[in-house]
Amino acid sequence: MSADKAINITLKVWRQKNADAKGALETYKLDGVSTSSSFLEMMDQLNEQLINEGGSPVQFDHDCREGICGSCNMYINGQPHGPASLNTTCQLHMRSFKDGDTIYVEPWRAKAFPVIKDLVVDRSAFDRIQQAGGFVSVNTSGNTQDANAIPIEKDNADMAFDAATCIGCGACVAACKNASASLFVAAKVSQYALLPQGQVEAKDRVLNMVKQAQKEGFGPCSNTGACEVECPKGISLENIARMNREYLAASLSK
Amino acid sequence: MSEAKGLIKSHTVKKYWMGATGLFLCLFLVGHLAGNLQLFLDGYEGRLQFNEYAVFMTTNPAVKILSYVTYFSILFHAVDGLVITINNRKARPEGYAYSKPSANSLWSSRNMGILGTVIFVYILVHMQNFWYEYKFGETPYMMSEDGQSPMLLDGSSVNGGMIENGEVVKAGESLGPAMRDLYAIVIESFQEPILVAFYVLGMIAIAFHLIHGFQSGFQSLGLKNRKYGPMIDKLGYAFAIVVPLLFAVIPVYLFLVK
């Protein structure tokens with residue numbers, strides 16, 4: 001564990017008053033940032049400084065601050081969630097930066113993720129994709145079956161679980177040169193496609209979710225693999241291949 | 001009906017076509033390379049074999065069908081790629097002030113449109129150099145080994161025959177089209193260093209296009225998985241290096257040796 005020290009940094013943060021306003025990068029100096037603080041704690045420190053100076057604080061999304069909720073979404077120095085891998089913005093620590101560094105902080109950029117204010121984007125497109133088929137319909141008649149009554153192959157269960165670790169943060173979209181949501185959609189399709197419970201609605205699910213993603217304005221998948229590298233949960237590209245496979249089979253038969 | 005329309009507009013379906021035509025064109029490259037490697041054959045025998053091969057490639061009905069499928073694939077791949085590139089751009093109207101894409105992806109993966117455009121220009125020049133010259137240009141005629149008699153398409157020489165309007169004529173009677181000497185055109189073309197450099201550059205573009213394209217085709221069609229994925233990646237790399245390299249060696253060899 002590196003010793004706690006304080007660094008001075010320069011921040012270039014995207015400021016945008018509202019969805020319709022034209023935004024710009026603003027430059028802020030921030031001194032005495034503990035290398036043990038998280039990136040969001042550093043942003044809190046910046047906001048305190050801004051409030052004390054009579055300015056308006058930088059708006060950003062955050063909730064759990066432990067890498068589970070998928071709320072924090074900052075494009076830091078040219079990468080979603082910053083330079084470290086397999087982490088969300090809240091899990092990024094200031095020890096990843098050096099004294100005197102200039103750090104760019106921008107919102108996710110995608111047609112389907114419009115900026116609401118500063119670093120906050122509207123990610124309800126993901127909700128609508130999920131609502132298009134990312135569920136299993138269950139008729140709860142009062143005698144729900146024990147899920148473990150259906151045997152599931154260990155490999156498939158593991159792969160489904162890996163896909164289900166997607167927290168919907170949108171880093172895949174932010175990283176993709178086409179702002180494609182393929183990794184997100186593929187994870188949501190795969191987590192059901194690999195399980196017996198997901199089979200009944202499998203065809204409609206993949207057709208509707210893929211269709212919805214395109215309708216929201218997410219781009220095509222170029223298979224560059226950027227999403228997999230930047231995904232805080234390490235969701236694999238093989239999910240996208242599975243989605244393509246499922247979509248092909250579904251569109252030929254349905 | 002609306003579902004069918006949706007399928008035509010679907011990003012995913014466009015990528016299926018991209019992958020299918022791209023992988024078909026990989027097969028075409030192997031066939032084309034096998035033909036080109038005959039240029040390494042020496043002497044009159046080599047010249048005759050290459051020219052007979054050129055006759056086969058332009059007259060065989062099965063080859064003809066394949067060549068139309070190839071033309072279609074190239075054009076469809078190009079147009080589909082253009083449409084996809086436009087859609088790619090549309091999805092991010094406002095870009096980042098500072099982006100570091102090299103941290104998560106290969107240059108070739110991000111620039112398939114540019115590489116494809118270079119390759120398309122290369123194909124046009126290449127078709128003009130040889131295909132157009134052979135079909136419509138002033139290609140010389142293939143003669144028998146002693147240089148005296150013209151030859152028919154089946155490789156037989158006609159003693160005392162003459163060539164008139166591309167036909168072998170003997171005693172006022174036409175015996176059929178005369179064999180042309182494509183080999184001579186190829187050798188002559190690659191005495192020009194600029195053209196040799198252009199062909200080598202074209203192959204470099206194809207190599208980078210394939211580094212991404214080969215495995216990407218399989219991925220788009222959903223043919224990659226945990227078991228075969230790594231093998232497809234390795235095969236793609238090998239294909240992307242070996243095939244364009246062998247293609248590129250030919251003009252360099254002809255420039256240096258012939």
Side-chain angles (χ1 to χ4, degrees), chain A residues 12 14 23-25 75-80 83 85 102 104 106-112 115 155 159 173-182 206-207 210-211 213-214 217-230 236-238 240-249 251 254, chain B residues 2-4 6-7 9-16 18-20 80-81 83-113 212-230 232-233:
Chain A
K12 290 192 179 286
W14 185 261
L25 284 174
Y75 201 80
I76 302 161
N77 271 356
Q79 283 178 274
S85 58
T102 297
Y104 283 79
E106 297 176 73
W108 287 172
R109 292 289 186 198
K111 186 178 170 219
V115 174
D155 281 350
M159 283 193 281
V173 173
C176 178
K177 73 180 182 73
N178 313 333
S180 171
S182 287
V206 69
L207 290 175
V210 168
K211 194 168 151 190
Q214 182 165 345
F218 294 106
C221 176
S222 283
N223 304 324
T224 67
C227 52
E228 183 187 53
V229 174
E230 300 295 356
S236 163
L237 285 184
E238 71 179 344
I240 297 182
R242 183 177 298 107
M243 173 179 71
N244 290 344
R245 212 154 49 228
E246 293 264 323
Y247 187 87
L248 185 59
S251 44
K254 186 122 187 168
Chain B
S2 67
E3 276 300 311
L7 279 184
K9 286 188 175 166
S10 160
H11 292 330
T12 312
V13 173
K14 288 197 184 79
K15 294 296 289 191
Y16 291 151
M18 214 57 194
D80 199 28
V83 174
I84 289 172
T85 305
I86 292 168
N87 288 333
N88 290 349
R89 301 269 162 91
K90 273 192 196 155
R92 178 168 293 136
E94 179 154 14
Y96 294 105
Y98 177 43
S99 194
K100 212 161 74 183
S102 59
N104 53 38
S105 53
L106 295 175
W107 181 88
S108 50
S109 299
R110 297 190 306 271
N111 292 282
M112 290 297 275
H212 176 78
F214 190 94
Q215 58 82 25
S216 180
F218 283 92
Q219 172 79 359
S220 290
L221 291 164
L223 298 172
K224 270 177 85 172
N225 60 18
R226 206 166 274 199
K227 192 172 177 188
Y228 298 109
I232 290 167
D233 289 347

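For clarity, every value in this text was computed on a predicted model and none was experimentally measured. Note: hydrogens, waters and symmetry copies are ignored here, and every other heavy atom, side chains too, is used. Chain letters run A, B, ... following the sequence lines, proteins first and then strands; every chain starts at 1.
Closest approach of B:Asn225 and A:Glu238 over heavy atoms only: C-OE1, 4.2 Å. Closest approach of B:Ser105 to A:Thr224, counting heavy atoms only: CB-O, 3.8 Å. Of all heavy-atom pairs spanning A:Glu106 and B:Tyr98, the tightest one is OE2-N, 3.0 Å. Contact detail for A:Gly219 and B:His11: the closest heavy-atom pair is C-CD2, 3.8 Å. Nearest heavy-atom pair across A:Arg245 and B:Gly222 is NH1-O, 2.8 Å. Shown here for B:Gln215 and A:Asn223, the closest heavy-atom pair between the two residues is NE2-O, 4.2 Å.
With a threshold of 4.5 angstrom between heavy atoms, A:Cys176 approaches chain B through N, CA, C or O but not through any side-chain atom. For chain B, the nearby parts of A:Ala174 are the backbone and the side chain; heavy atoms of each come within less than 4.5 Å. The contact between A:Tyr75 and chain B is made entirely by side chain atoms (from C-beta outward), counting heavy-atom distances below 4.5 Å. If you measure heavy-atom distances from B:Lys90 to chain A, the contacts under 4.5 Å come from the backbone alone. Heavy atoms closer than 4.5 Å to chain A are found in the side chain of B:Tyr16, but not in its backbone. When heavy atoms are compared at a cutoff of 4.5 Å, A:Leu248 approaches chain B by way of both its backbone and its side chain. In this structure, the portion of A:Pro107 lying under 4.5 Å from any heavy atom of chain B is its backbone and not its side chain.
Between the side chain of A:Asn244 and the backbone N or O of B:Ser220, at least one donor-acceptor pair lies under 3.5 Å. A distance-only check finds no donor-acceptor pair linking the side chain of A:Arg109 to the backbone of B:Tyr96 [under 3.5 Å].
Taking A:Leu25, A:Val115, A:Asn178 one by one and counting their heavy-atom pairs under 4.5 Å with chain B, the maximum is reached by A:Asn178. The residue among B:Leu221, B:Asn88, B:Thr85 with the most heavy atom pairs within less than 4.5 Å of chain A is B:Asn88. Chain B forms more heavy-atom pairs under 4.5 Å with one residue of A:Ala249, A:Gly225, A:Ser222, A:Ala112 than with any other, namely A:Ser222.
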Output, in order, the C-alpha distance, side-chain angles, deciding distance and verdict of side chain to side chain contact (heavy atoms under 4.5 Å, CB included) for B:Ser10 and A:Gln214. CA-CA 8 Å; B:Ser10 160; A:Gln214 182 165 345; 4.3 Å; yes
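Taken to the nearest 0.5 Å, the NZ atom of B:Lys9 stands 11.0 Å off from the NZ atom of A:Lys211. Rounded to the nearest 0.5 Å, atoms OG (A:Ser180) and CZ (B:Arg92) are 10.0 Å apart. In this structure, the separation between CH2 on A:Trp14 and CD on B:Glu94 is 4.5 Å, given to the nearest 0.5 Å.
Residues passing the side chain to side chain donor-acceptor pair (under 3.5 Å) test with A:Glu230, sequence neighbours excluded: A:Gln79, B:Asn104.
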